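Here is the structure we will look at.
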Amino acid sequence: MMNATAAQTALQQAQHIVFMTGAGVSTPSGIPDYRSKNGLYTEHHNAEYYLSHAFLASHPTEFYQYLKSNLYYPDAQPNVIHQKMAALTQQGRASVITQNIDNLYVVAKTANLVEFHGNLYQVYCTKCGQSVAWQDYLKAPTHQADGGYLRPNVVLYDEGIAPANIERAVQYLQQADLVVICGTSFRVYPFAGLIDYRNPQAQVLAVNAEPLQLPFDFTMVQEDATTFFEEVQV
């Protein structure tokens, strides 16, 4: 266990930080954690099916309604966690690999960003491949130009991770001198498996209100991430 002050000092001294983040980073922005007590996966027992390629292919209109009702929070804004991480990336000292698909790192102008599972706000037509504004998607599930069904560029269940995202994530981790795990239980694969590709000399910190049990050497900073990052100097 490391205290928060020592961890913040480590952040300020590191030159190649990789933040590996999940839904807990966005809960202070008003976006629910899927796996929390009142989260999507708890309230909707078939959530994984509703978020699958099979459901999109067989029930495209219902898939659209489910996403629109449960995943989109267009008024959400980046919080201090996104902002401090983004500032470090803009200094050329950090990169972010996130499971989140909520676009908040993009809004915060994060550099060196890998959205491992895609982005809800990048939408395209499944018929012609053309990009479409997410605002238009929230109005209708089909492309006005050709009637093709629209979908967000996110990884659904029974779809593979984009090879370019895996490649960039591994590259960042191989260069890291510090890896910071934040806002995630670190149980979702293949995301959690990326840690195996880290620079073996890199220190690993976890910043989380609840202690994590991870199968490798790391330092636990048990503190609310919002409180922690409010004190980080960038």
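Not measured: the values here are computed from a predicted model.
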When the ring centroid of Tyr137 is compared with that of Tyr64, is the distance short of 6.0 Å? yes
State, to 0.1 Å, how close [X] and [Y] come at their nearest heavy-atom pair, and which atoms those are.
{"X": "Gly148", "Y": "Cys125", "result": "CA-SG, 3.9 Å"}
{"X": "Ile101", "Y": "Tyr121", "result": "O-CD1, 4.4 Å"}
{"X": "Ala87", "Y": "Val234", "result": "CB-CG2, 3.8 Å"}
{"X": "Ile161", "Y": "Ile166", "result": "CG2-CG1, 3.6 Å"}
{"X": "His143", "Y": "Gln130", "result": "CE1-OE1, 3.6 Å"}
{"X": "Val25", "Y": "Cys182", "result": "CG2-O, 3.7 Å"}

Under a 3.5 Å cutoff, is there a donor and acceptor pairing between the side chains of [X] and [Y]?
{"X": "Gln122", "Y": "Ser131", "result": "no"}
{"X": "Asp33", "Y": "Thr27", "result": "no"}
{"X": "Tyr105", "Y": "Thr89", "result": "no"}

State yes or no: do [X] and [Y] share one hydrophobic cluster built from I, L, V, M, F, W and Y residues joined by side-chain heavy-atom distances below 4.5 Å, directly or via other members?
{"X": "Val18", "Y": "Tyr189", "result": "no"}
{"X": "Phe63", "Y": "Tyr72", "result": "yes"}
{"X": "Tyr124", "Y": "Leu138", "result": "no"}
{"X": "Ile17", "Y": "Val80", "result": "yes"}
{"X": "Ile81", "Y": "Val106", "result": "yes"}

What do you reckon, is [atom1] of [X] surrounded by more than 12 foreign heavy atoms closer than 6.0 Å?
{"X": "Tyr197", "atom1": "OH", "result": "no"}
{"X": "Gln175", "atom1": "CD", "result": "yes"}
{"X": "Gln174", "atom1": "CD", "result": "yes"}
{"X": "Lys109", "atom1": "NZ", "result": "no"}
{"X": "Asp217", "atom1": "CG", "result": "no"}
{"X": "Gln213", "atom1": "CD", "result": "no"}

Pairwise side-chain contact, [X] with [Y], heavy-atom cut-off 4.5 Å (strictly under):
{"X": "Tyr73", "Y": "Ser29", "answer": "no"}
{"X": "Val179", "Y": "Leu173", "answer": "yes"}
{"X": "Ser95", "Y": "Leu113", "answer": "no"}
{"X": "Leu51", "Y": "Leu71", "answer": "yes"}
{"X": "Ile181", "Y": "Val204", "answer": "yes"}
{"X": "Asn3", "Y": "Val221", "answer": "no"}
{"X": "Phe228", "Y": "Gln222", "answer": "no"}
{"X": "Glu223", "Y": "Phe229", "answer": "no"}

Apply side-chain hydrogen bond (donor to acceptor under 3.5 Å, both in side chains) to the pair Thr184 and Gln99, showing each step before the final yes or no. CA-CA 9 Å; Thr184 173; Gln99 299 172 79; 2.9 Å; yes
Nearest 0.5 Å please: distance from the [atom1] atom of [X] over to the [atom2] atom of [Y].
{"X": "Asn112", "Y": "His16", "atom1": "CG", "atom2": "NE2", "result": "11.0 Å"}
{"X": "Ile97", "Y": "His117", "atom1": "CD1", "atom2": "NE2", "result": "11.5 Å"}
{"X": "Gln13", "Y": "Gln15", "atom1": "CD", "atom2": "CD", "result": "9.5 Å"}
{"X": "Met20", "Y": "Tyr172", "atom1": "CE", "atom2": "OH", "result": "13.5 Å"}
{"X": "Arg93", "Y": "Leu11", "atom1": "CZ", "atom2": "CG", "result": "8.0 Å"}
{"X": "Glu115", "Y": "Asn153", "atom1": "CD", "atom2": "CG", "result": "9.0 Å"}

Can we say Arg151 and Glu159 salt-bridge, meaning some charged N sits less than 4.0 Å from an Asp/Glu carboxylate O?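 Here Arg151 pairs with Glu159 in a salt bridge, since their nearest N and O are under 4.0 Å apart.
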Using atom types as modelled and distance alone, determine if a side-chain donor or acceptor of [X] lies under 3.5 Å from a backbone N or O of [Y].
{"X": "Asp177", "Y": "Ala202", "answer": "no"}
{"X": "Asp158", "Y": "His53", "answer": "yes"}
{"X": "Asp136", "Y": "Val132", "answer": "no"}
{"X": "Asn165", "Y": "Val114", "answer": "no"}
{"X": "Lys127", "Y": "Gly147", "answer": "no"}
{"X": "Asn208", "Y": "Asp224", "answer": "no"}
{"X": "Gln8", "Y": "Val232", "answer": "no"}
{"X": "Asn100", "Y": "Asp102", "answer": "no"}
{"X": "Gln83", "Y": "Ala108", "answer": "no"}

List the steps and the verdict of side-chain contact (heavy atoms from CB on, under 4.5 Å) for Glu48 and Phe55. CA-CA 10 Å; Glu48 292 188 6; Phe55 188 63; over 6 Å; no
Evaluate Leu88 against Phe19 for side-chain contact (heavy atoms from CB on, under 4.5 Å), listing each step before the verdict. CA-CA 10 Å; Leu88 286 164; Phe19 294 105; 3.7 Å; yes
For the residue pair Phe186 and Phe191, does the interplanar ring angle fall in the parallel (under 30°), tilted (30 to 60°) or perpendicular (over 60°) class?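 Rings of Phe186 and Phe191: perpendicular, as their planes differ by over 60°.
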Output, in order, the C-alpha distance, side-chain angles, deciding distance and verdict of side-chain contact (heavy atoms from CB on, under 4.5 Å) for Phe116 and Thr98. CA-CA 6 Å; Phe116 201 66; Thr98 187; over 6 Å; no
Evaluate the criterion side-chain contact (heavy atoms from CB on, under 4.5 Å) for residue pair Leu212 and Met220; output intermediate values, then yes/no. CA-CA 7 Å; Leu212 300 183; Met220 184 72 225; 4.2 Å; yes
Contacts of Asn103 that satisfy side-chain hydrogen bond (donor to acceptor under 3.5 Å, both in side chains) - sequence neighbours left out: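 Only Asn119 meet the side-chain hydrogen bond (donor to acceptor under 3.5 Å, both in side chains) criterion with Asn103.
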